[in-house]
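Input: a single structure, listed below in structure tokens.
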Amino acid sequence: MSFPGEERTTAAVRPYVITRGRAGSSRKALPLETLVMASGNALPPHLQPEYRRIADFCQGLLSVAEVAAHLGQAPPVVQVLLADLIDWGHIVARPPIRVVKRKRADLDLLRKVLDGLESKL
């Protein structure tokens, strides 16, 4: 319900309406740390406002979690919408970089660098 003088926002629309009743998409759910960006392809005029807002937010690299925060929707809702936009070629996604097992030598080198920087202070 909206009161006089209140502006209706996307958050006032139920998530199942935004996703057209879908809880998932044609692809595996995007991890929250996945980076997404608009592809530059023009959006068709018939797309619902949430898709357009996502494309506007994604002019630079953003994580799925950041897009959800900007849109004011739960991450699963945004994951469904982003998957649609990726399938349609309007958003490109860069999967998160997997953390590899760190070598002991790498940690030792980092400690030496840190010790060297602290000694200069």
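Just the heavy atoms: all of them, side chains too, but no hydrogens, waters or symmetry mates, feed the values below. Along the sequence shown, the residues carry numbers beginning at 1.
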So, the side chain of Ser39 versus the backbone of Gly89: is there a donor-acceptor pair under 3.5 Å, distance only?
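Yes; judged by distance alone, with no hydrogens or angles, the pair exists.
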Are side-chain heavy atoms of Val36 and Leu85 found at a separation under 4.5 Å?
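In short, these two side chains do not touch, never coming nearer than 4.5 Å.
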Hydrophobic cluster identity match, [X] and [Y], side-chain contacts under 4.5 Å:
X     : Y     : value
Leu43 : Ile86 : yes
Leu81 : Trp88 : yes
Val92 : Leu35 : yes
Leu30 : Phe57 : yes

With Pro44 via side-chain contact (heavy atoms from CB on, under 4.5 Å) - residues at least two apart
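Partners of Pro44 by the side-chain contact (heavy atoms from CB on, under 4.5 Å) criterion, ordered by chain and then number, come out as His46, Leu47, His90.
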Pairing residues for Ala65 by the side-chain contact (heavy atoms from CB on, under 4.5 Å) criterion, not counting sequence neighbours:
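Per chain and number, Ala65 pairs via side-chain contact (heavy atoms from CB on, under 4.5 Å) with Leu32, Ser63.
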When rounded to the nearest 0.5 angstrom, what is the spacing between [atom1] in [X] and [atom2] in [Y]?
X     : Y     : atom1 : atom2 : answer
Gln79 : Thr34 : CD    : OG1   : 8.5 Å
Leu82 : Ile54 : CG    : CD1   : 4.5 Å
Leu62 : Ile91 : CG    : CD1   : 9.0 Å
Asp84 : Glu50 : CG    : CD    : 11.5 Å
Arg52 : Asp56 : CZ    : CG    : 8.5 Å

Which atom pair, heavy atoms only, marks the closest approach of Ala38 to Ala55?
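Heavy atoms of Ala38 and Ala55 come nearest at CB-O, 4.0 Å.
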Please report the shortest heavy-atom distance between Met37 and Gln59, naming the atom on each side.
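Looks like CG-O, 4.1 Å.
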